[in-house]
Enquirer: 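My questions will all concern the structure given below.
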Amino acid sequence: QVHLVESGGGLVQPGGSLRLSCAASGSISSIYAMGWYRQAPEKQRELVAIITGGAYTNYADSVKGRFTISRENAKNTVYLQMNSLKPEDTAVYYCKLTSHSGSVYWGQGTQVTVSS
C-alpha cells in the first residue's frame with residue numbers, strides 16, 4: 001500500500017505564496033507521475049500540475065506562470081510552489097501518484113485559502 005502525506009496548506013493573502021509538499025511512502029514499486037489536483041466547493045476536481053519521472057510537466061492554463069511543480073525522486077516527494085495566489089485558487093489540494101502499473105493513489109488533501 002502507498003501512503004501520501006500532504007503539507008503546506010493554509011491561509012494566505014492575495015498575491016502571496018505557499019509551497020505544498022507531498023511525500024509518498026510504502027510499497028512504491030515504480031512511479032510514473034505525481035501531480036496536484038484541486039477541488040473547490042461545489043466544483044469538480046481538476047488538474048493543477050503534473051510531473052513525470054522524466055521531468056515532463058503539464059499545468060492547467062489558470063496556473064501557468066504562477067505555479068511550479070518539482071519532484072525529488074530520492075525522497076519520493078513532489079512540491080508545488082504557488083506564487084501570486086488569487087482568491088480563485090482557494091480549494092482543497094490533493095496529491096496523486098500514478099505507478100507504471102497503472103495504480104493510482106491519492107492523498108488526504110490540504111486546504112488552501114486565499115483571502116484578505
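Here the structure is a predicted model, which is why all the values come from computation and not from measurement. The basis for the numbers below is simple: all heavy atoms, side chains too, and nothing from hydrogens, waters or symmetry mates.
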Enquirer: Shortest non-hydrogen contact from Leu18 to Leu85?
Expert: N-CD1, 3.8 Å
Enquirer: Applying side-chain contact (heavy atoms from CB on, under 4.5 Å), can you list everything that pairs with Ser115, at least two apart in sequence or on another chain?
Expert: Leu11, Thr113
Enquirer: Could you tell me if the side chain of Arg71 sits less than 4.5 Å from the side chain of Ile31, heavy atoms only?
Expert: yes
Enquirer: For Ser103, enumerate each residue passing the side-chain contact (heavy atoms from CB on, under 4.5 Å) test, keeping only those at least two apart in sequence or located in another chain.
Expert: Ser99, Ser101, Tyr105
Enquirer: Is the shortest heavy-atom distance from the side chain of Leu20 to the side chain of Glu6 under 4.5 Å?
Expert: no
Enquirer: How many angstroms lie between CG in Asn73 and CE in Met34, if you round to the nearest 0.5 Å?
Expert: 9.5 Å
Enquirer: Could you pull out the closest heavy-atom pair between Pro14 and Ser116, with the gap in Å?
Expert: CD-N, 3.7 Å
Enquirer: Hydrophobic side-chain clustering at under 4.5 Å (ILVMFWY, transitive links): who's grouped with Tyr37? Put none if nobody.
Expert: Leu47, Ile50, Val92, Tyr94, Val104, Trp106
Enquirer: With sequence neighbours left out, what residues match Ser30 under side chain to side chain donor-acceptor pair (under 3.5 Å)?
Expert: His100
Enquirer: Counting only heavy atoms not in Gln44 (residues, nucleotides, ligands), do more than 12 fall under 6.0 Å from its CD?
Expert: no
Enquirer: In the structure I gave you, are the side-chain heavy atoms of Ile51 and Tyr59 within less than 4.5 Å of one another anywhere?
Expert: no
Enquirer: Taking side-chain contact (heavy atoms from CB on, under 4.5 Å) as the test, write out the residues that go with Thr52, two or more places apart.
Expert: Tyr32, Ala33, Tyr56
Enquirer: Considering residues at least two apart in sequence or located in another chain, which fulfil the salt bridge (charged side-chain N to carboxylate O under 4.0 Å, His left out) criterion with Lys75?
Expert: Glu72
Enquirer: Hey, could you give me each pair passing disulfide (SG to SG under 2.5 Å) that has a residue in residues 25-75? Not counting sequence neighbours.
Expert: none
Enquirer: How does the hydrophobic cluster around Tyr79 look, that is, which other residues are in it when side-chain heavy atoms under 4.5 Å mark a link?
Expert: none
Enquirer: With Arg66, which residues qualify under salt bridge (charged side-chain N to carboxylate O under 4.0 Å, His left out), at least two apart?
Expert: Asp89
Enquirer: Apply salt bridge (charged side-chain N to carboxylate O under 4.0 Å, His left out) to Lys43 and list each qualifying residue two or more places apart in sequence or on a separate chain.
Expert: none
Enquirer: Looking at Val5 and Gln108, what are the two nearest heavy atoms and their distance?
Expert: CA-OE1, 4.1 Å
Enquirer: Looking only at atom types and distance, does a side-chain atom of Gln81 sit under 3.5 Å from a main-chain N or O of Arg19, one as donor and one as acceptor?
Expert: no
Enquirer: Decide yes or no for Arg38 and Val63: does some side-chain heavy atom of the first lie under 4.5 Å from some side-chain heavy atom of the second?
Expert: yes
Enquirer: For residues 35-102, pull every pair meeting disulfide (SG to SG under 2.5 Å), keeping only residues two or more places apart or in separate chains.
Expert: Cys22-Cys95
Enquirer: Determine whether Thr90 and Gln111 make a side-chain contact, defined as any pair of heavy atoms from C-beta on separated by less than 4.5 Å.
Expert: yes
Enquirer: Kindly write out the residues that satisfy side chain to side chain donor-acceptor pair (under 3.5 Å) with Ser17, not counting sequence neighbours, or none if the list is empty.
Expert: Asn83
